[in-house]
Every structure is written in C-alpha cells, then in structure tokens.
Number of protein chains: 2
Amino acid sequence: MAVESPALTQLRRGALEHCVLALLEGGERYGYDLVAELSEAGLLASEGTIYPLLSRLRRDDLVATTWRESASGPARRYYALTVKGTDALEAFRDAWGQFSTSVQQILHPKGTS
Amino acid sequence: MAVESPALTQLRRGALEHCVLALLEGGERYGYDLVAELSEAGLLASEGTIYPLLSRLRRDDLVATTWRESASGPARRYYALTVKGTDALEAFRDAWGQFSTSVQQILHPKGTS
DNA sequence: GGTCGATACCTTGTACCGCAAGGTATCGAG
DNA sequence: CTCGATACCTTGCGGTACAAGGTATCGACC
C-alpha cells in the first residue's frame with residue numbers, strides 16, 4: 001500500500017460527503033457497502049468516518065433510510081437520496097468544478113513567463 | 001459574488017497549504033500578497049487563515065523567511081521555498097492528481113448503464 | 001449447542017484547520 | 001495629526017476525518 005500522506009486526510013474533507021451523495025444517485029446503498037467502494041477509491045481511511053457522516057446527511061434531510069433484512073448476515077440500513085440531497089449534489093458539482101480548476105491552475109500554471 | 005457554501009470551506013483544507021507552496025515556486029512572495037491572489041482564486045475566505053498556515057510551513061521547514069522593507073508601507077516578511085518545501089509540493093501534485101481523478105469519476109460516472 | 005469469523009451497525013476521544021473578529025504598527029495624503 | 005491603506009499577527013469557534021473500540025446477527029464447523 002502507498003504511504004498515506006497526511007495531506008490526503010485533509011483533502012477528503014468536504015468531498016467525501018458529496019461523493020456519498022453521488023454514489024446514492026445510482027440507487028440505494030448501505031453503509032458497509034459504501035465503505036468498501038470509497039476505501040477502494042482512496043477517499044476513505046476508516047469505517048468510523050462514514051457513520052457519523054451518514055447521520056449528518058440524515059439529520060439534514062439529504063437522505064432517507066429504510067431497514068431491510070439481508071439474505072445472509074445482519075440487517076442493513078439503506079440510504080436513498082432525497083430531493084434536497086439531489087439539489088445539494090448538483091450544487092456541489094458546480095462548486096467542485098470551480099474549486100478543482102482553481103487548484104489545478106495554481107498547481108500547474110500555464111504562462112510561466 | 002456567489003454564495004459561499006460551507007462545503008467549500010472544507011474543500012479548501014489541505015489544498016490551500018500546497019497552493020501556497022506552488023505560488024512560491026514562482027519566486028518569493030509576502031503574506032498580504034498571497035491573500036489577494038488566493039482570495040481572487042476562491043481558495044481563501046479570510047486573511048486570518050493564512051498567517052497561522054505560513055507559521056506552520058515555517059515551523060516545518062517548508063519555507064524560509066526574510067524581512068524586507070517596502071518602498072511604501074510597512075515592512076514585509078517574504079517567504080521562499082526550501083528544498084523540503086519543493087519536495088512536499090511535488091509529492092502533493094501526485095496526490096492531488098489521484099484524488100481529483102477519484103472524485104471526478106464518482107461525481108461524473110461514465111458507464112451509467 | 002458453542003465457538004469463531006465475517007458482516008454490519010454505531011460511539012467516543014483526539015487532532016487538525018479554515019474562518020470571523022479583533023488587535024498592532026507603519027506609511028503617505030490631506 | 002488624523003485617517004485610510006497596507007501589512008503583520010492572535011484568539012475562540014466550529015466542523016470533520018481518523019483510530020480504536022463496542023454490539024449484534026448470521027453461517028459454518030466441531
């Protein structure tokens with residue numbers, strides 16, 4: 001595994017939350033499942049991060065949840081986007097575009113005269 | 001001006017520090033000057049953010065500083081990249097590339113089957 | 001029917017960093 | 001000599017990722 005630079009930990013802030021919303025756009029997901037995908041993408045370092053985050057999303061009415069039993073294993077809590085969540089995601093896509101462009105330009109300036 | 005979403009505040013974390021290093025790659029800069037450029041780029045909301053950040057960079061030997069008098073106005077503290085700072089910047093460019101790619105892919109998935 | 005690993009949920013304590021507000025000092029203009 | 005711009009810095013607050021640890025369910029195996 002690559003050595004986790006502390007800078008990455010800071011980068012994940014703010015982005016992680018909306019990445020969860022983006023994943024939910026493709027359909028309902030449950031927490032443990034999200035952990036696996038986000039960890040693989042390098043956007044999540046610990047399971048302990050996601051549950052408080054999901055609680056916040058629920059508190060703010062960006063997602064709605066339903067318990068559902070699993071064919072094998074304990075029951076799961078599924079998360080689905082609300083209308084408010086969809087709006088927040090769309091707003092974030094804009095913000096992310098502007099932000100990442102700004103960072104990109106500062107990191108790799110064109111006119112180096 | 002666009003409404004400042006709180007998500008942006010979190011996004012700036014981690015990126016801001018290395019954006020400062022990137023700006024210094026083009027030559028010495030002083031704090032008040034950096035504030036102007038980073039604010040314009042939307043990467044900084046308050047002057048109060050930059051000085052503790054610069055202190056950290058100095059503490060960690062990523063930058064070196066020299067006081068210099070100004071033709072008009074108070075003296076300025078100029079910041080310059082150290083070798084260690086240059087290395088950190090290069091490492092961050094890699095990390096940023098991977099990170100922003102991951103976020104981009106989750107935000108805008110290709111196979112929407 | 002008892003144990004064990006995997007699955008799946010959640011909580012607590014810590015550290016870190018951006019932000020707003022406020023403070024100090026220097027310089028030129030009126 | 002006051003006032004605005006420049007230029008530096010500090011303090012208190014809030015939000016969030018992380019590590020570590022905790023609880024419960026299920027299937028498999030003995």
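Naming: A, B, ... by sequence-line order, numbering from 1 per chain.
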Choose from C:dG18, D:dG27, D:dA17 the nucleotide whose nearest atom is closest to any side-chain atom of A:L53.
-> D:dA17
The side chain of B:R76 lies closest to which of these nucleotides: C:dG18, C:dC10, D:dA7?
-> D:dA7
With heavy atoms under 4.0 Å as the rule, sort A:A71 into base, sugar-phosphate or nothing.
-> sugar-phosphate
Kindly say whether, by distance alone, the side chain of A:E47 makes a donor-acceptor pair under 3.5 Å with the base of C:dC9?
-> yes
Take atom NE2 of A:H18 and atom P of D:dA17, then tell me their distance rounded to the nearest Å.
-> 11 Å
Would you kindly give the CG-to-C1' distance between B:D60 and C:dC16, to the nearest whole Å?
-> 13 Å
How long is the line joining CZ of A:R68 and C1' of C:dA8, in whole Å?
-> 15 Å
Take the angle between the ring planes of A:F99 and B:W96 and call it parallel below 30°, perpendicular above 60°, tilted in between.
-> perpendicular
So, do A:D94 and A:E90 sit near enough that their side-chain heavy atoms are less than 4.5 Å apart?
-> no
Under 4.0 angstrom, heavy atoms only, what part of the nucleic acid is A:P6 near: base, sugar-phosphate, or nothing?
-> nothing
C:dC16 C1' sits how many Å from B:L11 CG, rounded?
-> 16 Å
Spell out yes or no: do the side chain of B:S46 and the base of C:dA20 have one donor N/O and one acceptor N/O closer than 3.5 Å?
-> yes
Expressed in angstrom and rounded to an integer, what is the separation of B:L8 atom CG from C:dC19 atom P?
-> 9 Å
Euclidean distance, atom CG of residue B:D33 to atom P of D:dA5 [Å, nearest integer] = 18 Å
Taking the side chain of B:Q10 as its heavy atoms from C-beta onward, which of D:dC8, D:dT16, C:dA8 lies nearest to it?
-> D:dT16
B:R13 side chain N/O closer than 4.0 Å to the phosphate oxygens (OP1, OP2) of C:dC19?
-> no
Check the distance between C:dG28's C1' and B:E69's CD and give it to me in whole angstrom.
-> 16 Å
Could you tell me whether B:G31 contacts a base, only the sugar-phosphate backbone, or nothing, with contacts defined as non-hydrogen atoms closer than 4.0 Å?
-> sugar-phosphate
Examine D:dC8: is either OP1 or OP2 under 4.0 Å from a nitrogen or oxygen in the side chain of B:Y30? Give yes or no.
-> no
Qualifying residue for side-chain contact (heavy atoms from CB on, under 4.5 Å) with A:L57, from A:T65, A:L81, A:V20 = A:V20
Looking only at side-chain N and O atoms, does B:Y32 come under 4.0 Å of OP1 or OP2 in D:dC8?
-> no
Comparing B:G48 and A:T49 on DNA chain D - which has the more 5′ nearest nucleotide | B:G48
When you check the side-chain N and O atoms of B:T66 and B:R68, is any donor under 3.5 Å from an acceptor?
-> yes
5' priority, DNA chain D, between A:E17 and B:P74 [closest heavy atom] = B:P74
Taking only N and O in the side chain of A:R56, is any of them less than 4.0 Å away from OP1 or OP2 of D:dA17?
-> yes
The nucleotide from C:dG28, D:dT10, D:dC18 with an atom nearest the side chain of A:A45 is D:dC18
Can you check salt bridge (Lys or Arg N to Asp or Glu O under 4.0 Å) on B:R77 and B:E69, steps first, answer last?
-> CA-CA 9 Å; B:R77 193 201 287 273; B:E69 294 182 8; over 6 Å; no
Atom pair distance, as rounded to whole Å: CZ in A:R59 and P in D:dT16 | 8 Å
Do A:R29 side-chain atoms and A:Y78 backbone N/O form a donor-acceptor pair below 3.5 Å?
-> no
Is there a side-chain polar atom (N or O) of A:T9 under 4.0 Å from OP1 or OP2 of D:dA17?
-> no
